[in-house]
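Okay, so here's the structure we're looking at.
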2 protein chains.
Amino acid sequence: MGFVTLKDVAKVAGVSYATVSRALSGSPEIGENTRKRVIRICEEMGYTPNAVARSMVMKRTNILGLIVTSLNNPFMSEMTAHIEIYARQCGYNLMVCNSSYDRELEKEVFSLLVSRKVDGVIMIPVGNESYDALKTLTAQVPTVFIGENMQDLPENYVSVDNAAGMQHATEYLYGLGHRKILYLGARENSMTHKLRVGGYLTACERLGIAPHVLNNTSPRSSFEVGYALADAYFAGTHDETAVLCAADTLAIGVIKAAYERGVRIPEDISLMGFDNLSFSALPPIDLTTVNQPKQALAAAAVDMLLNRIKNPDAPYTKTILSPSVVERSSCRRTDA
Amino acid sequence: MGFVTLKDVAKVAGVSYATVSRALSGSPEIGENTRKRVIRICEEMGYTPNAVARSMVMKRTNILGLIVTSLNNPFMSEMTAHIEIYARQCGYNLMVCNSSYDRELEKEVFSLLVSRKVDGVIMIPVGNESYDALKTLTAQVPTVFIGENMQDLPENYVSVDNAAGMQHATEYLYGLGHRKILYLGARENSMTHKLRVGGYLTACERLGIAPHVLNNTSPRSSFEVGYALADAYFAGTHDETAVLCAADTLAIGVIKAAYERGVRIPEDISLMGFDNLSFSALPPIDLTTVNQPKQALAAAAVDMLLNRIKNPDAPYTKTILSPSVVERSSCRRTDA
DNA sequence: GAATTGTCTGAAAACGTTTGCACTGCATTT
DNA sequence: AAATGCAGTGCAAACGTTTTCAGACAATTC
């Protein structure tokens with residue numbers, strides 16, 4: 001399809017194409033009458049500026065890259081939605097890539113984005129060690145990470161305060177009278193999850209109650225894992241009055257196991273999650289959980305990235321946001 | 001950040017930059033020894049081709065635009081995931097935009113994508129009338145629509161066969177012994193929904209059972225609407241043994257209303273949805289529903305778009321995929 | 001009326017590629 | 001031995017912008 005270019009407009013308007021450019025860019029060094037005339041002709045001819053050509057000379061694309069592990073995950077897709085909307089308000093478009101939990105693919109799409117000359121990259125990495133593998137890549141374009149994975153590495157990232165969140169959750173259950181609280185789904189292979197279980201343990205110590213942790217040795221926090229752990233747990237003798245899950249997804253599995261075992265939630269046992277995924281609010285689930293402020297995280301990530309683009313040599317920064325308990329119907333006061 | 005360009009490589013290698021370009025593009029008109037040497041030097045210098053410059057001269061970006069109403073919607077985010085993955089396999093990156101159910105925004109982001117010279121656009125439009133408003137835009141870049149909204153308009157689209165899907169659903173319930181089936185959530189303001197309720201009515205007539213339709217006058221199929229309709233329905237006298245919802249989201253609301261009214265699913269009444277959203281498979285919901293083959297829809301949309309890019313003047317085409325019933329636990333055989 | 005200022009416009013370079021065309025040198029053909 | 005062909009390489013144009021620099025012209029100042 002043949003497009004109208006600056007030159008075409010210039011020819012019709014009888015001016016140089018530099019003048020057309022200036023008329024459209026709102027440059028002050030142009031006569032008001034010529035500007036109006038040129039703009040009118042642009043509209044008449046249906047001129048659309050070519051962003052590619054502009055990027056070429058401006059040496060910036062106004063495009064941000066986003067790499068997520070999977071858009072099928074509700075946390076990721078909600079984050080993506082917020083990032084896209086906020087970035088666009090800041091004048092940037094978003095190029096989205098799935099890494100599909102594959103480290104090789106993650107590197108590959110990063111390279112693609114570099115090649116496309118995106119101005120910056122926001123990334124939810126596959127795992128903790130990502131940084132090492134991506135060292136050479138992040139050197140090529142400003143990057144910010146989402147999630148606490150990078151915590152002990154000198155990189156930019158935004159995250160929720162996972163330890164504090166789980167501490168609040170524990171305290172919340174304690175406040176409802178619970179003294180025996182099971183922590184379900186601790187993982188050693190994720191910084192995020194280490195911090196979460198740490199928050200639980202801290203709270204237990206502070207409150208003077210005995211911790212009880214059920215570990216998840218798989219690399220993900222799926223509801224299958226939650227089901228398996230809870231099923232085994234309910235099968236044995238148990239005297240906890242509340243189950244605190246390391247993630248909402250796990251809690252879904254717990255609900256199923258509880259139902260099958262005839263354990264009622266919240267009558268027999270209280271259940272709490274972490275993340276506040278969209279489905280947790282659905283009436284049949286209605287899970288009390290800890291909210292990750294997704295919109296705020298998204299905005300913080302974009303802001304941080306934009307700052308970094310402006311000032312690439314600034315020292316690394318991090319932004320930690322506070323999560324908060326959202327009360328729903330899966331927890332109940334206890335006297336036990 | 002200063003990057004290595006073709007010229008830099010050429011200087012070091014002692015060849016013209018045309019030669020470097022040819023070495024990398026796999027052109028046959030170049031000596032094997034020079035090619036190897038040049039490629040080695042490229043790697044040593046960490047050369048990354050500049051996709052923007054390439055787009056400039058090639059007059060194509062290898063970028064596809066995707067406009068969805070909201071990435072927060074699980075149907076959209078799943079579709080987006082599949083489209084991104086498949087498009088990348090075809091050598092295209094994806095630029096994603098939310099229209100946020102706003103027709104003005106929809107036009108705006110479409111223009112943005114045109115300006116960015118994406119090679120094509122896939123769009124899940126805000127509403128039926130989109131086509132008229134976007135006529136001038138779709139003329140500027142190959143576009144395919146997802147969803148049956150455009151059905152009576154000459155455009156490219158892929159969709160699931162909504163009428164057949166709902167017909168199957170009705171027949172499925174009939175097969176379980178249901179003779180009184182409520183259709184909940186019919187909408188007049190959406191082609192998709194007109195077709196769905198049409199499928200239900202067709203099936204009723206064919207099976208010789210009396211239809212009973214509850215209309216939804218709001219512009220969306222939210223679970224609040226499902227709740228309100230079901231709550232009113234359960235409050236009155238009702239003798240249906242099954243509720244067939246126009247969308248999974250509506251069914252969520254029905255579950256809540258049923259629970260509150262002491263109506264058990266599926267013991268007292270069977271419940272069926274349409275769409276097979278990801279949350280419908282969650283154990284606490286486990287909704288029998290009609291599956292939209294999202295991966296196939298995504299692939300069909302990308303294929304169609306790529307064909308159109310190759311052959312912009314071909315006549316409009318449509319692809320209609322068959323939905324299928326997915327059996328879960330919200331429906332049960334009845335003798336009533 | 002000449003010099004000076006200031007406002008507006010045009011010419012042209014630059015951005016980093018791809019590719020058509022011309023050229024070189026060597027091997028093959030006649 | 002000359003002519004032809006061909007593989008390999010370089011030159012330069014082109015893609016559509018932005019922006020620097022210089023120039024033109026009018027308005028102001030002396």
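Every heavy atom of this structure was used, including side-chain atoms; hydrogens, water molecules and symmetry mates were not. Not measured: the values here are computed from a predicted model.
Counting any heavy atom pair closer than 4.0 Å across all strands shown, A:V52 reaches no nucleic acid atom. As judged by a 4.0 angstrom heavy-atom cut-off over every strand, A:T34 is placed among residues touching the sugar-phosphate backbone only. If you check every strand for non-hydrogen atoms under 4.0 Å, B:L6 touches a base. Heavy atoms of B:T19 sit under 4.0 angstrom from primed sugar atoms or phosphate atoms, though from no base atom.
At least one side-chain heavy atom of A:M123 sits under 4.5 Å from a side-chain heavy atom of A:E106.
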Verdict with reasoning, B:F3 to B:N50, per side chain to side chain contact (heavy atoms under 4.5 Å, CB included): CA-CA 9 Å; B:F3 285 104; B:N50 184 327; over 6 Å; no
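Atom CZ in B:R60 sits roughly 22 Å away from atom P in D:dA14 (whole-Å rounding). C:dT7 atom P lies 15 Å from atom CZ of A:R35, rounded to whole Å. For A:M45 and D:dG16, the CE to P distance is 13 Å, given to the nearest whole Å. Between the C1' atom of D:dT17 and the CZ atom of A:F3 lies a distance of 16 Å, rounded to the nearest Å. Between the P atom of D:dC15 and the CG atom of A:N50 lies a distance of 12 Å, rounded to the nearest Å. If you take CE of A:M56 and C1' of D:dA14, they are 13 Å apart, rounded to a whole angstrom. Rounded to whole Å, atom P of D:dC6 lies 20 Å from atom CD of B:E32. Rounded to a whole Å, the CZ atom of A:R116 is 14 Å from the P atom of C:dT17.
Side-chain to base pairing of B:R22 with D:dG10: one donor and one acceptor N or O lie within less than 3.5 Å of each other.
Phosphate contact (OP1/OP2 of D:dC15, side-chain N/O of A:Y17, threshold under 4.0 Å): absent. Checking the phosphate oxygens (OP1, OP2) of D:dT17, no side-chain nitrogen or oxygen of A:K7 falls inside 4.0 Å. Distances shown here put a side-chain N or O of B:S21 below 4.0 Å from the OP1 or OP2 atom of C:dT18.
One finds no salt bridge joining B:R40 and B:E43 here, because no Lys/Arg side-chain nitrogen approaches an Asp/Glu carboxylate oxygen to under 4.0 Å.
Side-chain proximity of A:A18 to the nucleotides D:dT18, C:dA11, C:dT19 is greatest for C:dA11. In the set C:dG16, D:dG16, D:dG10, the nucleotide with an atom closest to the side chain of B:K59 is D:dG16. Of the candidates C:dG16, D:dC11, D:dA12, C:dG16 carries the atom nearest the B:A53 side chain, counting heavy atoms from C-beta on. Of the candidates C:dT18, D:dT9, D:dG10, D:dG10 carries the atom nearest the B:V15 side chain, counting heavy atoms from C-beta on.
Exactly one of A:V121, A:L113, A:I122, A:N98 qualifies for a side chain to side chain contact (heavy atoms under 4.5 Å, CB included) with A:L66. That residue is A:I122. When each of B:T317, B:T138, B:T319 is checked for a side chain to side chain contact (heavy atoms under 4.5 Å, CB included) with B:N156, only B:T317 meets the rule.
Side chains of B:Y47 and B:D8: a donor-acceptor N/O pair is absent below 3.5 angstrom, by distance only. A:T80 and A:S77 share no side-chain donor-acceptor pair at under 3.5 Å.
What you find for B:P74 and B:L277 is that their closest heavy atoms are CG-CD1, 4.0 Å.
For the helix from C:dG1-D:dC30 to C:dT30-D:dA1, the end axes, each set by the C1' atoms of five terminal pairs, are bent relative to each other by 60° (nearest 10°).
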